[in-house]
Amino acid sequence: VEAGGGLLPAVTYRLAVEEMVKGQPTLTKGEKSEVVLRMVGSIKSAVTSGDMVKLDAFRDVPKLEMGSDYLLFTTAESAAGLSVTVGLGQGAFRIVEMERQDYAVNAFNNVGLGLDGSGPVPYSELSAKIRALLGQ
């Protein structure tokens with residue numbers, strides 16, 4: 001992506017939307033909705049070349065995995081067409097099934113979110129708190 005007179009690496013994700021708390025999907029066909037999210041960064045991790053290791057300069061930007069479920073809080077698209085999850089790993093919650101219930105956990109194990117302790121939280125509880133904050 002061209003930005004500020006230079007080039008930035010970017011990853012484009014096309015995400016199926018099951019539930020939208022705020023904002024509008026990029027594309028809707030019938031009952032299916034999608035969001036296109038372009039984030040700065042690379043899908044590559046560290047690259048080794050001889051004795052040198054080149055680290056990804058954008059390693060803290062979440063890398064989303066195909067087939068996984070997420071709750072994402074993203075910034076508005078910039079003039080360059082880029083967005084990022086708010087607080088990087090803080091705004092990207094992986095949805096995992098535990099004890100036959102969906103739980104949400106971010107890259108920091110939900111520390112500092114004002115929830116009861118840290119660790120995975122039931123998705124239904126987190127979703128209800130978000131909707132209450134948004135007045136929905």
Side-chain angles (χ1 to χ4, degrees):
V1 173
E2 286 189 46
L7 293 175
L8 291 173
V11 178
T12 301
Y13 296 100
R14 184 177 300 274
L15 307 167
V17 175
E18 289 184 22
E19 178 181 13
M20 198 100 172
V21 177
K22 189 174 179 185
Q24 297 297 318
T26 307
L27 174 69
T28 301
K29 286 185 180 178
E31 293 185 23
K32 294 184 179 183
S33 294
E34 292 181 348
V35 170
V36 175
L37 179 64
R38 180 175 292 148
M39 294 196 290
V40 68
S42 171
I43 58 171
K44 298 178 184 177
S45 296
V47 176
T48 304
S49 177
D51 292 341
M52 296 183 61
V53 176
K54 182 181 175 187
L55 298 175
D56 178 7
F58 304 102
R59 68 182 182 273
D60 294 330
V61 175
K63 291 175 178 59
L64 308 180
E65 296 178 15
M66 189 179 300
S68 295
D69 291 328
Y70 297 92
L71 168 63
L72 302 173
F73 294 91
T74 62
T75 62
E77 194 174 279
S78 72
L82 297 171
S83 296
V84 70
T85 51
V86 176
L88 300 173
Q90 292 175 326
F93 294 82
R94 181 181 288 264
I95 307 302
V96 294
E97 187 177 331
M98 298 166 43
E99 304 165 5
R100 293 190 285 194
Q101 185 177 358
D102 286 338
Y103 281 77
V105 63
N106 68 15
F108 299 99
N109 204 30
N110 296 346
V111 171
L113 293 182
L115 303 170
D116 296 330
S118 63
V121 62
Y123 173 78
S124 58
E125 179 183 320
L126 182 59
S127 177
K129 288 183 185 249
I130 292 165
R131 289 183 186 288
L133 287 170
L134 292 174
Q136 296 180 357

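Residues Val1 and Ala10 approach most closely at CG2-CB, 3.5 Å, considering heavy atoms. Val61 approaches Val40 most closely through the heavy-atom pair CG1-O, 3.5 Å. Of all the heavy atoms in Tyr70 and Glu65, the pair that sits closest is OH-N, 2.8 Å.
Every side chain to side chain contact (heavy atoms under 4.5 Å, CB included) that Glu2 has, sequence neighbours left out, goes to Leu7.
Note: the hydrophobic cluster containing Phe73 does not contain Tyr103 (ILVMFWY, side chain heavy atoms under 4.5 Å, direct or indirect links). Taking hydrophobic clusters as Ile, Leu, Val, Met, Phe, Trp and Tyr residues chained together by side-chain heavy-atom distances below 4.5 Å, Val86 shares a cluster with Ile130. Met98 and Phe93 are members of different hydrophobic clusters when ILVMFWY side chains are connected at heavy-atom separations under 4.5 Å. Under the 4.5 Å side-chain heavy-atom criterion for grouping Ile, Leu, Val, Met, Phe, Trp and Tyr, Leu126 is not connected to Val17 through any hydrophobic cluster.
Atom CG of Leu71 is separated from atom CG of Asp102 by 11.5 Å, given to the nearest 0.5 angstrom. The OH atom of Tyr13 lies 10.0 Å from the CG atom of Leu72; values are rounded to the nearest 0.5 Å. Separating the CE atom in Met39 from the OG1 atom in Thr85 is a distance of 5.5 Å, to the nearest 0.5 Å. Between the OG atom of Ser78 and the CZ atom of Arg38 there is a distance of 9.5 Å, given to the nearest 0.5 Å.
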Inset, instruction - Step by step, work out the side-chain contact (heavy atoms from CB on, under 4.5 Å) result for Leu8 and Leu82. - result: CA-CA 10 Å; Leu8 291 173; Leu82 297 171; 4.2 Å; yes

Inset, instruction - Take Met20 and Val35 through the side-chain contact (heavy atoms from CB on, under 4.5 Å) test and state the conclusion after the steps. - result: CA-CA 10 Å; Met20 198 100 172; Val35 170; 4.0 Å; yes

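Evaluation of the side chain to side chain donor-acceptor pair (under 3.5 Å) test over residues 14-30, restricted to residues two or more places apart or in two chains, returns Arg14-Glu34, Glu19-Tyr123, Glu19-Arg131, Thr28-Ser33.
Formation of a donor-acceptor pair under 3.5 Å by the Thr75 side chain with backbone atoms of Val84 is found in this model.
Between Pro62 and Arg94 there is no side-chain heavy-atom pair separated by less than 4.5 Å.
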N/O donor-acceptor pairs under 3.5 Å from side chains in residues 104-114, not counting sequence neighbours:
{"residue": "Asn106", "atom": "OD1", "partner": "Phe108", "partner atom": "N", "Å": "2.9"}
{"residue": "Asn106", "atom": "OD1", "partner": "Asn109", "partner atom": "N", "Å": "3.2"}
{"residue": "Asn106", "atom": "OD1", "partner": "Asn110", "partner atom": "N", "Å": "2.8"}
{"residue": "Asn106", "atom": "ND2", "partner": "Gln90", "partner atom": "O", "Å": "3.2"}
{"residue": "Asn110", "atom": "OD1", "partner": "Asn106", "partner atom": "N", "Å": "2.9"}
{"residue": "Asn110", "atom": "ND2", "partner": "Ala104", "partner atom": "O", "Å": "3.0"}
{"residue": "Asn110", "atom": "ND2", "partner": "Gly119", "partner atom": "O", "Å": "2.8"}

